[in-house]
S.K.: 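Quick one: the structure is below, and I'll ask about it shortly.
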Amino acid sequence: MTTKSIIDTRREQMFPTLDATEIERVRRFGVPRAYDDGEALAKVGTPGHGLSIILSGHVDITQHHQSGARTPIVTHGPGAFMGELAQLSGRPALVDAHAKGRVEALIIAPDKLRALLIAEAELGERIMRSLILRRIGLLETGAGGPVIIGRAGNGDVLRLQGFLRRNGHPQQTLDPETDVEAKSLIERFEVDAGQLPIVLCPGGQLLRNPSEGELARCIGLVGRIDPKRVYDVAIVGAGPAGLAAGVYAGSEGLSALVLDCRAFGGQAGASSRIENYLGFPTGISGMALMARAYNQALKFGVEMAIPDESISLERDAGHSDSGALVLRLSNGETASARSVVIASGARYRRLNVADLDAFESTSVHYWASPLEAKLCAGQEVALVGAGNSAGQAVVFLAGNVAKVWLLVRGPDLSSSMSRYLVDRIAGLPNVEVLTQTNITGLEGRDGMLDAIRWRSSSGKEVRRPVRHLFLSIGADPNTDWLSGSGVALDSKGFISTGPDQNAGRSELETSRPGVFAIGDVRSGSVKRVAAAVGEGAQVVAALHRFLSTNRDGKPGLKM
Ligand SMILES: Cc1cc2nc3c(=O)[nH]c(=O)nc-3n(C[C@H](O)[C@H](O)[C@H](O)COP(=O)(O)OP(=O)(O)OC[C@H]3O[C@@H](n4cnc5c(N)ncnc54)[C@H](O)[C@@H]3O)c2cc1C
């Protein structure tokens, strides 16, 4: 049986045609432009100039391969429009587009496209849906993204694949042990096996085992932040709290910059299925929910800087806008804003067992996504944890692996896991729950686990040939970067907020005026997606109040 692609199943929604009246309505957002036969309207790896509505003539959209070959995707005719999600923010194109005969088009630049999507509700919805579906189509085929060449299962290959997948960017991986094209590319670029993986970027650059930041810059995922610009708000963290703050700030007219050191979605993006978020009775994967929020923030003109890590928060003494707060980034750049929202969440706790770091890139996982499920398909795996995220991971993995050993330190699951998950786990024949059990040793070579040893209440040590270990044992706040900022933390390192910090402060304001904290990083917050999103919405009202009384450097911004 052949699996149908999204282009087969959703073609009409993916490639809608605007009628003459609709084109007239949107004409005010664009500028007309003519192209000669064969001229490029878009080139993979080159920043796009927005959405192009074809007024006359035809445009061939093709996928570009490393071998130089092109696969046709679609041919657009009059009334059709060209573009996908990258056009919302002027990021590099992921496909090639060439005029077939003379073409006249209406070019709608990214800022005008965002204005159109908001001003034209029904038409905007149709266009937005098609842009999203087109990106999903590209994700399915890997078209337009970088090509990673390296051994399947290699730690760096997994790191780069994980980074691109979490950022919703198309990619392809070629294994030189099984793929002839990969082998010949390695020979052509004279790469030693020890230098793998290499990455071929759509613009033609070759990267040798790059960091996530290098890769992101090469493919245009992230650009430079203008150090002179002062945003109304800079939001640190693009998890549910930070994305919600971005969406509400952007939709209410504030200029907002969202930074994240890894990917959008935060911990929620790692959740295989969120079943307790309002409005999704059948559940939704964390990645799907967070991708919607990310696209929504882009639509409202929020600027994204991902991956960019904030390493300190200071008051900008030298800036002409005397009230500005400044975030210093690990790459040496700075971002200035009149207010800052800290939504940096929490990071997974590591297990205290010898040699854990030796296996962390390949055999020890902190979340269970389809990528990890594929790696351990048909095998025995072990998972340590007893909270809801552990429960969800077990349910997800059980459908993909031969057996899941659920290792629990305490006497039972019910004191820490929701009843529905406890019941679901009890009904899974390939899950064995071992309570009062601790891992005592990890065995393996070259970063790959061969076996795990554990000891339960009987005192007997058991050794199982388990090659993949999942850890879901809680999280610590991401607040190390705030040391020296003067933002007050509680005894566990979470950020303290509210009137206790200073009389007259809003519930979400920290000990520093104009600096707010929301979501998991905030002391006393409910550690749930819905709570994080709620605080993201709530903080924007507090930002408005703060900005209206502190614009033009009025009192209240001294740090
Ligand atoms: C596997 C898993 C499953 C879960 N399932 C559910 C569920 O089903 N239902 C539910 O309600 N909750 C669930 N949770 C909890 C939920 O995901 C969190 O409560 C929620 O994500 C918190 O959102 P947040 O935005 O506050 O922080 P986070 O999601 O932690 O996001 C913080 C972001 O900040 C970034 N960051 C950190 N430091 C910096 C820095 N210095 N500079 C730049 N960026 C930085 C991080 O990269 C991260 O993306 C789950 C958690 C996990 C791990």
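For ligands, and for the atoms within them, numbers begin at 1 and follow the listed sequence. Computed over heavy atoms, backbone and side chain alike; hydrogens, waters and symmetry mates excluded.
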S.K.: Using 0.5 Å steps for rounding, measure from the CD1 atom of I148 to the CG atom of N209.
M.R.: 10.5 Å
S.K.: Could you pull out, from S389, A390, A245, A368, the option with a heavy atom nearest to atom 52 (C) of ligand 1?
M.R.: S389
S.K.: Backbone or side chain, does any N or O of A241 fall under 3.5 Å from an N or O of ligand 1?
M.R.: yes
S.K.: Taking only heavy atoms of Y348, which atoms of ligand 1 are found under 4.0 Å from at least one of them?
M.R.: 53 (C)
S.K.: I'd like to check which ligand 1 atoms, numbered from 1 as shown, lie under 4.0 Å from a non-hydrogen atom of A263.
M.R.: 49 (O)
S.K.: Please indicate whether any nitrogen or oxygen in E309 is less than 3.5 Å from any nitrogen or oxygen in ligand 1.
M.R.: no
S.K.: Can you tell which part of R347 has a heavy atom less than 4.0 Å from ligand 1: side chain, backbone, both or neither?
M.R.: neither
S.K.: Please state which option from R522, Q267, R528, K527 has its nearest heavy atom closest to atom 30 (O) of ligand 1.
M.R.: Q267
S.K.: Among R166, R165, R159, R217, find the one that has a salt bridge (Lys or Arg N to Asp or Glu O under 4.0 Å) with E212.
M.R.: R159
S.K.: Do I274 and ligand 1 have an N or O pair less than 3.5 Å apart?
M.R.: no
S.K.: Can you tell which part of N478 has a heavy atom less than 4.0 Å from ligand 1: side chain, backbone, both or neither?
M.R.: side chain
S.K.: Measure the acute angle between the ring planes of Y366 and Y348, then classify it against the limits of 30° and 60° as parallel, tilted or perpendicular.
M.R.: parallel
S.K.: At the 4.0 Å heavy-atom cut-off, does F264 count as touching ligand 1?
M.R.: no
S.K.: Quick one: which ligand 1 atoms are inside 4.0 Å of a heavy atom on G266?
M.R.: 29 (O), 31 (O), 48 (C), 49 (O)
S.K.: Take atom CG of N352 as the centre, draw a 6.0 Å sphere, and report whether it contains more than 12 heavy atoms from other residues, nucleotides or ligands.
M.R.: no
S.K.: Once you round to the nearest 0.5 Å, how far does CZ of R292 lie from CD1 of I132?
M.R.: 8.0 Å
S.K.: Given A475, G536, A531, S310, identify the one with the heavy atom nearest to atom 40 (C) of ligand 1.
M.R.: S310
S.K.: Can you figure out which of C261, A517, G265 has its heavy atom closest to atom 39 (C) of ligand 1?
M.R.: C261
S.K.: Determine the interplanar angle of the Y294 and F264 rings, folded into 0 to 90°, and report it as parallel if under 30°, tilted if 30 to 60°, perpendicular if over 60°.
M.R.: parallel
S.K.: Can you give me the closest heavy-atom contact between D412 and T435, atom names plus distance?
M.R.: CA-CG2, 4.0 Å
S.K.: Evaluate the ring planes of F470 and H365, with Trp represented by its six-membered ring, and classify them as parallel (under 30°), tilted (30 to 60°) or perpendicular (over 60°).
M.R.: tilted
S.K.: Apply salt bridge (charged side-chain N to carboxylate O under 4.0 Å, His left out) to E275 and list each qualifying residue two or more places apart in sequence or on a separate chain.
M.R.: R424
S.K.: For ligand 1, does V236 get within less than 4.0 Å through its side chain, its backbone, both, or neither, judged by non-hydrogen atoms?
M.R.: side chain
S.K.: Looking at CD1 of I518 and CD of E509, how far apart are the two atoms once the value is rounded to the nearest 0.5 Å?
M.R.: 13.5 Å
S.K.: If only side-chain N and O atoms count, and only distance matters, is there a donor-acceptor pair under 3.5 Å linking Q392 with S389?
M.R.: no
S.K.: Quick check: A268 and ligand 1, any N/O pair under 3.5 Å apart?
M.R.: yes
S.K.: Any idea which part of A346 is under 4.0 Å from ligand 1, heavy-atom wise: side chain, backbone, both or neither?
M.R.: backbone
S.K.: Which bit of N276 gets closer than 4.0 Å to ligand 1, counting heavy atoms only: side chain, backbone, both or neither?
M.R.: side chain
S.K.: Could you check whether any heavy atom of W367 sits closer than 4.0 Å to an atom of ligand 1, since that is the contact criterion I want to use?
M.R.: no
S.K.: Looking at ligand 1, is there an atom of it that comes within less than 4.0 Å of some heavy atom belonging to A244?
M.R.: no
S.K.: Please confirm whether N388 comes under 4.0 Å of ligand 1, counting heavy atoms of the residue only.
M.R.: no
S.K.: Is the shortest distance from a heavy atom of V526 to ligand 1 less than 4.0 Å?
M.R.: no
